[in-house]
Amino acid sequence: MSHYHYHCVSSAKAFGGTPEDYAELHRWMDRSRAGTDALLHRMLAHHTTGVADAVALFGDTWAISTGAQIPTSLILSGHVREDLGFVPTLDHYIELLRTPRWASRPAQLLFSKLNDLP
């Protein structure tokens with residue numbers, strides 16, 4: 001999805017309430033879009049650790065205008081599924097990383113050691 005509003009609409013359909021009820025959560029999840037248009041902005045929070053971070057920040061449940069309490073993890077796991085088709089772990093993103101030329105020698109050595117693991 002291209003804008004957090006569409007996630008809000010989807011959440012309202014799935015869990016009730018209004019799209020505005022979910023805006024704070026979905027804006028938080030897509031906050032890294034402010035710095036880049038690259039799809040890899042999702043590396044910041046679109047994974048299981050990002051969902052857990054949101055639960056730690058916002059609480060286990062999210063209150064909507066109807067008075068219902070919705071599990072925060074269900075709302076944001078849905079956001080990630082809508083964007084990626086599944087909820088990856090942080091390791092899925094780490095596998096994409098390559099040490100750039102400007103990285104320090106210790107970082108290059110660590111990268112080499114990690115790539116040599118079976």
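If you're wondering where the values come from, they're calculated on a predicted model, not measured in any experiment.
Between His26 and Ile75 the shortest side-chain heavy-atom distance falls below 4.5 Å.
Note that CG of Asp83 and CE of Met29 are 8.5 Å apart. Values are rounded to the nearest 0.5 Å. To the nearest 0.5 Å, atom CD of residue Glu20 and atom CD1 of residue Ile64 are 12.0 Å apart.
Taking all atoms of both residues into account, the shortest heavy-atom contact from Gly16 to Tyr22 is O-OH, 2.7 Å. Annotation for Pro19 and Cys8: closest pair O-CB, 3.2 Å, computed over non-hydrogen atoms. A pairwise comparison of heavy atoms in Gly17 and Ala12 identifies O-CB, 3.7 Å as the closest pair.
Distance alone, capped at 3.5 Å, places no donor-acceptor pair between the Ser10 side chain and the Tyr6 backbone. Looking only at distances, a side-chain donor or acceptor of His92 sits under 3.5 Å from a matching main-chain atom of Thr89.
Residues passing the ring-ring contact (aromatic ring centres under 6.0 Å, His included) test with Tyr93 are His47, sequence neighbours excluded. For His5, there are no ring-ring contact (aromatic ring centres under 6.0 Å, His included) partners two or more places apart in sequence or in a different chain.
Between His46 and the options Val87, Asp30, Leu76, a side-chain contact (heavy atoms from CB on, under 4.5 Å) holds for only Asp30.
Hydrophobic clustering keeps Tyr4 apart from Leu74 (ILVMFWY residues linked when any side-chain heavy atoms are closer than 4.5 Å, directly or through intermediates). Tracing side-chain contacts under 4.5 Å through hydrophobic residues (I, L, V, M, F, W, Y), one never reaches Leu44 starting from Leu96; they form parts of separate clusters. In this structure, Phe15 is a member of the same hydrophobic cluster as Val80, with clusters built from ILVMFWY side-chain heavy atoms closer than 4.5 Å.
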Ignoring hydrogens and angles, write down the donor-acceptor pairs under 3.5 Å from the side chains of residues 49-63, residues two or more places apart or on other chains.
{"residue": "Thr61", "atom": "OG1", "partner": "Gln69", "partner atom": "OE1", "Å": "2.7"}
{"residue": "Trp62", "atom": "NE1", "partner": "Asp21", "partner atom": "O", "Å": "2.7"}

Assess the residue pair Leu25 and His7 against the criterion (side chain to side chain contact (heavy atoms under 4.5 Å, CB included)); give the C-alpha distance rounded to whole Å, side-chain angles, the decisive distance to 0.1 Å, and a yes or no.
CA-CA 10 Å; Leu25 290 177; His7 290 291; over 6 Å; no

